[in-house]
2 protein chains.
Amino acid sequence: MTTSATLLLQPVDACCAPAGEDALDASQAEDVAKVFKALGDPTRVRLLSLIAASPTGEACICDLTAPVGLSQPTVSHHMKQLVDAGLAVREQRGKWAYYRANFTALTASSRALNPA
Amino acid sequence: MTTSATLLLQPVDACCAPAGEDALDASQAEDVAKVFKALGDPTRVRLLSLIAASPTGEACICDLTAPVGLSQPTVSHHMKQLVDAGLAVREQRGKWAYYRANFTALTASSRALNPA
DNA sequence: CAGTCGCATTGACATCTGTCGATGTATCGA
DNA sequence: TCGATACATCGACAGATGTCAATGCGACTG
């Protein structure tokens, strides 16, 4: 993987993007698009919403297949996409794999695109 | 087109989503995903960023082809995607078609997914 | 230890997507 | 009126994407 992660590791003393109000360059745009692309599928939006709306704030694959009406491999595949984009965090506990939502990546990308 | 637009036309007295903190249903997820999907391509992210960073806040196709290094039909195609998603507004003035960025759709979708 | 359960991976497939060249359509200028 | 300009649309094509059934792999349970 060639993630540059320049969006998530902002210097603390910077308000927004390092360059201020200029347009994003190709590399920055790629990082931003990666996050949005993961949210560009209704199923993944639904999965993340389900996880976030869960009482415990987390969910395993077996809890998610029924609500979205898709097969287990498909749900697993989608969750991998979300994890790769930094929008979900996976934690293995015994037999189960628990996922939590992480909206930090979303707000970071949104702010990179629209520093307003 | 079957846009339900339930995200952009929130009642003014509602803080966030009509149903509060429940998970998004399939229809809502589709609307949210449509916006994010439009931003799921690095070129479109770049285009929107270029427009927003422009001094006048708007740009025509001919100003955008060079920075992204793509053909005119391709840029036109991408801009149509952004307009359809509500992220850009097109205005024809004489020979030129001017585009402005509209981040309202982005913040609405973000808030629908993460009301926090 | 054998069986079951939860999940990831693989392979396959139909569909969608980004891109281009060619062409069509207004609009402006000479 | 004729040519040039700006843009959209069309047709085509390679590559990416979402989905499933089948399989593999750990972890728990009897």
Side-chain angles (χ1 to χ4, degrees), chain A residues 1-3 26 29-51 54 56 58-85 87-100, chain B residues 1-2 26 29-30 32-51 54 56 58-85 87-100:
Chain A
M1 212 188 302
T2 63
T3 54
E30 206 160 343
D31 294 339
V32 170
K34 176 183 292 185
V35 173
F36 288 138
K37 184 174 197 171
L39 292 174
D41 184 286
T43 298
R44 286 194 287 269
V45 168
R46 194 110 190 282
L47 287 171
L48 208 58
S49 174
L50 284 166
I51 295 173
S54 162
T56 61
E58 59 186 9
C60 55
I61 301 286
C62 56
D63 292 333
L64 298 171
T65 52
V68 298
L70 292 175
S71 71
Q72 174 266 318
T74 300
V75 173
S76 190
H77 164 69
H78 282 309
M79 288 312 304
K80 178 173 170 53
Q81 308 274 106
L82 289 173
V83 170
D84 287 349
L87 286 162
V89 179
R90 186 190 121 105
E91 184 191 355
Q92 183 93 28
R93 285 209 299 269
K95 269 197 298 188
W96 293 273
Y98 288 91
Y99 291 89
R100 288 195 316 275
Chain B
M1 211 188 300
T2 65
E30 206 160 343
V32 171
K34 176 183 292 185
V35 175
F36 288 138
K37 184 173 195 172
L39 292 174
D41 184 285
T43 299
R44 286 193 288 268
V45 168
R46 196 107 188 282
L47 287 172
L48 208 59
S49 174
L50 284 166
I51 294 173
S54 161
T56 62
E58 59 186 9
C60 56
I61 302 286
C62 57
D63 292 333
L64 297 171
T65 51
V68 299
L70 292 175
S71 71
Q72 174 266 319
T74 300
V75 173
S76 190
H77 164 69
H78 282 310
M79 287 313 302
K80 178 173 171 50
Q81 308 273 106
L82 289 172
V83 169
D84 287 348
L87 287 162
V89 179
R90 186 191 121 104
E91 182 190 356
Q92 183 93 29
R93 285 209 300 270
K95 269 197 297 190
W96 294 272
Y98 288 92
Y99 290 89
R100 288 194 318 275

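Side-chain atoms are counted along with the backbone in the values below, which use heavy atoms only and exclude waters and symmetry mates. Here is the naming used below: chain letters follow the sequence lines, and residue numbers restart at 1 for every chain. Not measured: the values here are computed from a predicted model.
Each of B:K37 and A:W96 was matched to the nucleotide of DNA chain C holding its nearest heavy atom; the match closer to the 5' end belongs to A:W96. Two residues, A:Q92 and A:T43, neighbour DNA chain D, and the one matched to the more 5' nucleotide by heavy-atom proximity is A:T43.
A side-chain donor-acceptor contact under 3.5 Å links A:R46 to the backbone of A:P67. Side chain of B:Q92 to main chain of B:G94: a donor-acceptor pair is present (N/O by atom type, distance under 3.5 Å, no hydrogens or angles). B:Q72 contributes no side-chain N or O that, together with a main-chain N or O of B:T74, makes up a donor-acceptor pair within less than 3.5 Å.
Contact annotation: A:S71 side-chain N/O to D:dT19 OP1/OP2 distance is not under 4.0 Å. For B:Q81 and C:dG18, the shortest distance from a side-chain N or O to OP1 or OP2 is below 4.0 Å. Phosphate contact (OP1/OP2 of D:dA8, side-chain N/O of B:Y99, threshold under 4.0 Å): present. Contact annotation: A:T74 reaches the phosphate of D:dC20 (side-chain N/O to OP1 or OP2, under 4.0 Å). Phosphate proximity of D:dA8 to B:R90: present, with a side-chain N or O under 4.0 Å from OP1 or OP2. In terms of phosphate contacts, B:S76 brings no side-chain nitrogen or oxygen within less than 4.0 Å of OP1 or OP2 of D:dC7.
Ranking C:dT27, C:dG18, D:dA27 by closeness to the B:K95 side chain, first place goes to C:dT27. The side chain of B:Q72 lies closest to D:dC7 when the candidates are D:dC20, D:dT9, D:dC7. For B:P73, the side-chain atoms get nearest to C:dA22 when compared with the rest of D:dC7, C:dA22, C:dG18. Side-chain proximity of B:H77 to D:dC20, D:dC7, C:dT19: nearest is C:dT19.
The separation between B:D84 atom CG and C:dT17 atom P is 12 Å, rounded to whole Å.
Counting non-hydrogen atoms of other residues, nucleotides and ligands closer than 6.0 Å to CD of A:E30 gives a total of 12 or fewer.
Within the 4.0 angstrom heavy-atom criterion, only backbone atoms of the sugar-phosphate kind lie near A:H78; the bases stay farther away. Within 4.0 Å of B:R93, counting heavy atoms only, lies no atom of the nucleic acid at all.
The two residues B:A38 and B:L87 have their closest heavy-atom pair at CB-CD1, 3.9 Å.
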